[in-house]
Amino acid sequence: MADNANNIEIKPGDFAPLDKQAGPDNEKIAAPSLTFGQDVWRRLKSNKTAFTSFIVLIFLFLVAFGGQAVYHHDPNDQSPKYANLPPKIPGVNIHGLNGHIKQSGQDVDAYAQAGAGKDVHYTLGTDYLGRDLLARIMYGTRVSLEIALIATLIDLTIGVTFGIYSGWKGGRVDMFMQRIIEILSSVPSLVVMVLMATAFQKTGMASIIAALAIINWTTMARLTRAQTLQLKNQDFILAARTLGESAPKIAWKHLLPNLSSVIIIQTMFTIPNAIFFEAFLSYIGIGISSPQASLGTLISDGQKNFQFLPYQMWYPAIVLIILMLAFNLLGDGMRDAFDPKSKR
């Protein structure tokens, strides 16, 4: 057979027969089908920095809330004769971890000088009252996390509800509710804290949580309101309203699932802000008060002896820095994970 147009001769053996197994059934997508949650988890795991931060936070939570079950030391137990002892880990002969300090240019065994027995050792040393610094850091981290988590829960409850209602109603109601947010946002946080301390007649967890509850939810409310304004005119929301579903049911069934990514990401940034707020207030003396420990009070106490015993401030400061970094890096990673345009 020949092609008349180009004078090309085609022979029967020039073309191989089609593979019998090559057909529509074999043309399948190789990648597995993933739900939105599974895809978010895959993206998060592929982000090494965010996933490492996630593991670090799990470890810190376990140490803070379960460490006392393993490390049996009372954080408030005072031993004045063992005051200001440096860190000592048995079997480790590294300066700064062997119980030795420098005095007048000479290396001195602080534990022998204090008359401590061979079985006495403090992993992170002691403070000026002879209290175990590791036990106090674990307890202080737990207090700081408890304040942050309770404040964040209140933030979620008030902020999400306020934001959805404002965006759903719109008009004058929305305008009035946004003016409330602007007024609260303009009040300095320290002023609110002082007012709460006066109202509770003392400083402590309750006054800090109350101050955070008053001022900390406004960002969450603004974000959820902005998303609600976009979502309420979507076809699936209009269809639900046409079918006669009530506003609370639409909010619970349709709005909240679509707002979940914004809420989760904002929560990851709210927690470290609350931790830092508590640490700052405790550091300047209007937050958690002694003898109760928090990261802020530990840093404040350690700062007094920083020139001669720097470890008393460095260790709680390092824990605070790790907490802040881990939450912020995890928040960045979750923002990328929830973004469908992400290339991860």
Side-chain angles (χ1 to χ4, degrees), residues 41 44-45 49-79 82 85 87-92 97 119-127 129-156 204-206 208-209 212 264 267-279 282 287-302 311-331 333-334:
W41 178 245
L44 183 63
K45 286 196 297 183
T49 303
F51 193 70
T52 302
S53 300
F54 178 68
I55 299 299
V56 169
L57 286 175
I58 290 177
F59 173 75
L60 289 175
F61 269 87
L62 290 175
V63 171
F65 290 94
Q68 292 294 327
V70 179
Y71 193 74
H72 304 286
H73 286 260
D74 187 348
N76 294 320
D77 186 21
Q78 300 180 11
S79 300
Y82 295 146
L85 289 179
K88 181 179 180 180
I89 301 176
V92 177
L97 297 175
D119 59 335
V120 176
H121 63 273
Y122 295 93
T123 306
L124 295 183
T126 61
D127 64 3
L129 292 176
R131 295 172 295 192
D132 190 301
L133 195 56
L134 176 57
R136 288 182 66 76
I137 289 175
M138 289 193 296
Y139 181 81
T141 304
R142 183 166 79 244
V143 170
S144 296
L145 286 172
E146 285 175 353
I147 292 174
L149 292 175
I150 295 173
T152 302
L153 181 61
I154 296 173
D155 175 23
L156 286 173
M205 288 184 64
I208 296 175
I209 292 171
L212 288 170
I264 292 172
T267 299
M268 289 298 102
F269 293 107
T270 301
I271 294 175
N273 289 338
I275 292 173
F276 183 78
F277 184 70
E278 178 278 322
S282 299
I288 302 296
S289 56
S290 298
Q292 190 176 16
S294 77
L295 292 177
T297 58
L298 291 172
I299 294 172
S300 178
D301 291 341
Y311 67 89
Q312 292 185 359
M313 193 186 85
W314 273 122
Y315 290 131
I318 288 171
V319 172
L320 178 62
I321 291 170
I322 292 174
L323 273 174
M324 298 286 292
L325 278 176
F327 272 113
N328 281 288
L329 291 174
L330 179 59
M334 294 192 72

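Scope of the values below: all heavy atoms of this structure, side chains included, with no hydrogens, waters or symmetry mates.
With sequence neighbours excluded, no residue forms a side-chain hydrogen bond (donor to acceptor under 3.5 Å, both in side chains) with Asp77. For Thr267, the side chain to side chain contact (heavy atoms under 4.5 Å, CB included) criterion is met by Thr152, Leu156, Met220, Ile263, Ile271, not counting sequence neighbours. Taking the side chain to side chain contact (heavy atoms under 4.5 Å, CB included) definition, one finds that Ala274 meets it with Ala148, Leu212, sequence neighbours left out. Residues meeting the side chain to side chain contact (heavy atoms under 4.5 Å, CB included) test with Asp127, sequence neighbours left out: Leu129, Arg131, Arg136. The side chain to side chain contact (heavy atoms under 4.5 Å, CB included) check on Leu325 picks up Ile321, with sequence neighbours excluded. For Ser144, the side-chain hydrogen bond (donor to acceptor under 3.5 Å, both in side chains) partners two or more places apart in sequence, or in a different chain, are Glu278. Asp155 is linked by a salt bridge (charged side-chain N to carboxylate O under 4.0 Å, His left out) to nothing, counting only residues two or more places apart in sequence or in another chain.
The minimum heavy-atom distance between Tyr311 and Gly125, with the atom names listed, is CE1-CA, 4.2 Å. The two residues Lys88 and Pro90 come nearest to each other via the heavy atoms O-CD, 4.0 Å. Between Met313 and Ile299 the shortest heavy-atom distance is CG-O, 3.7 Å. When every heavy atom of Gly204 is checked against every heavy atom of Ile288, the shortest pair comes out as C-CD1, 3.9 Å. Scanning both residues, Thr126 and Gln312, for their nearest heavy atoms gives O-NE2, 3.1 Å. Pairing each heavy atom of Gly331 with each of Phe269, the nearest pair is C-CZ, 3.7 Å.
Residue Leu134 holds its CG atom at 5.5 Å from OG1 of Thr123, rounded to the nearest 0.5 Å. In this structure, Leu145 CG and Ile275 CD1 are separated by 5.0 Å, a value rounded to the nearest 0.5 Å. Rounding to the nearest 0.5 angstrom, the gap separating the CG atom in Leu124 from the CG atom in Asp132 is 7.5 Å. Note that CZ of Phe276 and CG of Leu320 are 7.5 Å apart. Values are rounded to the nearest 0.5 Å. Here the straight-line distance linking atom CZ of Arg142 with atom CG of Leu149 works out to 12.5 Å at 0.5 Å rounding. Atom CD1 of Ile264 sits about 10.5 Å away from atom CG of Leu330, to the nearest 0.5 Å.
Residue Trp314 qualifies as open at atom CH2: its count of foreign heavy atoms under 6.0 Å is 12 or below.
In this structure, the side chains of Val143 and Tyr139 come closer than 4.5 Å at one or more pairs of heavy atoms.
Among residues at least two apart or in separate chains, salt bridge (charged side-chain N to carboxylate O under 4.0 Å, His left out) pairs with a member in residues 292-301 are Asp301-Lys304.
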Applying side chain to side chain contact (heavy atoms under 4.5 Å, CB included), run through Phe327 and Leu323 and close with a yes or a no.
CA-CA 6 Å; Phe327 272 113; Leu323 273 174; 4.1 Å; yes

Contacts table for residues 49-66: side-chain donor-acceptor under 3.5 angstrom, sequence neighbours left out:
unit_1, atom_1, unit_2, atom_2, d
Thr52, OG1, Lys48, O, 2.7
Ser53, OG, Thr49, O, 2.9

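Using modelled atom types, one side-chain atom of Thr141 and one backbone atom of Ile137 make a donor-acceptor pair closer than 3.5 Å.
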